[in-house]
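The structure under discussion appears below in the form of structure tokens.
We count ligands from 1, going down the list as the structure has it; atoms in each ligand are counted the same way.
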Amino acid sequence: MARIAENAGASAVSLTNTFLAMSIDPETRKPRLSNVTGGLSGPAIKPIALRMVYETAKAIDIPVIGMGGIVTPEDAVEFMLAGATAIQVGTASYADPRAAERLARGMQSWCRSHRVEKVSSLTGALELPSS
Ligand SMILES: Cc1cc2nc3c(=O)[nH]c(=O)nc-3n(C[C@H](O)[C@H](O)[C@H](O)COP(=O)(O)O)c2cc1C
């Protein structure tokens, strides 16, 4: 899908969206969501989102914007290491409307304390175990 977007002229791709999920109340035997299924977001999806950003960034040459469960600056750094050029934050903004600002500042101090001069140098800088 990302390759198709790239070949069609996209300047970047962003992922991931939510993952279709459901919940059932065993007492009433009814779905907890009125639509029966709904999009799962937030920290529960982070490992899946991270894996997808990693695989997508390897497959295309345009920037990948990563999202899915980012709450802390360390989460954001993980997405950058996996290959994201930038990150987005959705669900965390419901708990903290200033989450984006907090994350930007947090990434700045993370970089400072880890002697990273340019945040962009984190993109794709994942160190794989040697085989
Ligand atoms: C309440 C809510 C509404 C959303 N609406 C949209 C939407 O209209 N279009 C879209 O592409 N993604 C939508 N998303 C998905 C988010 O943009 C984001 O991809 C996803 O929630 C994963 O990031 P997060 O874990 O930081 O929320 C929505 C997510 C939530 C929680």
- [ ] Under the side chain to side chain donor-acceptor pair (under 3.5 Å) rule, what do Ser41 and Thr18 come out as? Steps first, then yes or no, please.
- [x] CA-CA 5 Å; Ser41 65; Thr18 54; over 6 Å; no
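- Nearest heavy atom pair, residue Gln88 against residue Ser14, reads OE1-CB, 3.9 Å.
- A pairwise comparison of heavy atoms in Ile45 and Leu40 identifies CG2-O, 3.5 Å as the closest pair.
- Heavy-atom contacts of Gly69 reach the following atoms of ligand 1: 24 (P), 25 (O), 26 (O) (cutoff under 4.0 Å).
- Surrounding CG of Asn35 are at most 12 heavy atoms belonging to other residues, nucleotides or ligands under 6.0 Å away.
- Counting protein heavy atoms only, atom 2 (C) of ligand 1 is closest to Tyr94 OH, 3.9 Å.
- The backbone N or O of Ser23 lies less than 3.5 Å from no partner atom in the side chain of Arg32, so there is not a single donor-acceptor pair.
- With hydrogens and angles ignored, the 3.5 Å screen pairs a side-chain donor or acceptor of Ser121 with a backbone N or O of Lys118.
- Ranking protein heavy atoms by distance to atom 26 (O) of ligand 1, first place goes to Gly90 N, 2.9 Å.
- Within the 4.0 angstrom cut-off, atom 31 (C) of ligand 1 has one or more protein heavy-atom neighbours.
- Of the N or O atoms in Ile70, none lie within a sub-3.5 Å distance of an N or O in ligand 1.
- The pair Glu101-Arg98 meets the salt-bridge criterion, since a charged nitrogen lies less than 4.0 angstrom from a carboxylate oxygen.
- Within the listing of ligand 1, atoms 22 (C), 23 (O), 25 (O) sit less than 4.0 angstrom from a heavy atom of Gly68.
- At a distance under 4.0 Å, a protein heavy atom can be found next to atom 15 (C) of ligand 1.
- Closest to atom 19 (O) of ligand 1 among all protein heavy atoms lies Thr16 O, 2.8 Å.
- Listed for the Arg102 side chain is a donor-acceptor partner under 3.5 Å among the backbone atoms of Val71.
- The single protein non-hydrogen atom nearest to atom 28 (C) of ligand 1 is Thr18 CG2, 4.7 Å, given as residue, atom name and distance.
- Closer than 4.0 Å to atom 8 (O) of ligand 1 lies none of the heavy atoms of the protein.
- The main-chain N or O of Gly68 is never found under 3.5 Å from a side-chain atom of Thr16 such that the two would form a donor-acceptor pair.
- On a distance-only criterion, Thr91 and ligand 1 share at least one N/O pair closer than 3.5 Å.
- Taking atom 10 (C) of ligand 1 as the reference point, the nearest protein heavy-atom neighbour is Asn17 ND2, 3.6 Å.
- Within a 4.0 Å radius of atom 22 (C) of ligand 1, the protein contributes at least one heavy atom.
- Counting the atoms of ligand 1 from 1 in the order shown, those under 4.0 Å from a heavy atom of Ser41 are 21 (O), 25 (O), 27 (O), 31 (C).
- Under the 3.5 Å distance criterion, the side-chain polar atoms of Ser109 are matched with a main-chain donor or acceptor of Arg105.
- For ligand 1 and Met67, the ligand atoms under 4.0 Å from any heavy atom of the residue are 18 (C), 19 (O).
- Put simply, no part of Leu15 is less than 4.0 Å from ligand 1, judged by heavy atoms.
- With hydrogens and angles disregarded, a donor-acceptor distance shorter than 3.5 Å links the side chain of Asp75 to the backbone of Thr72.
- Within the 4.0 Å heavy-atom cutoff, Gly42 counts among the residues contacting ligand 1.
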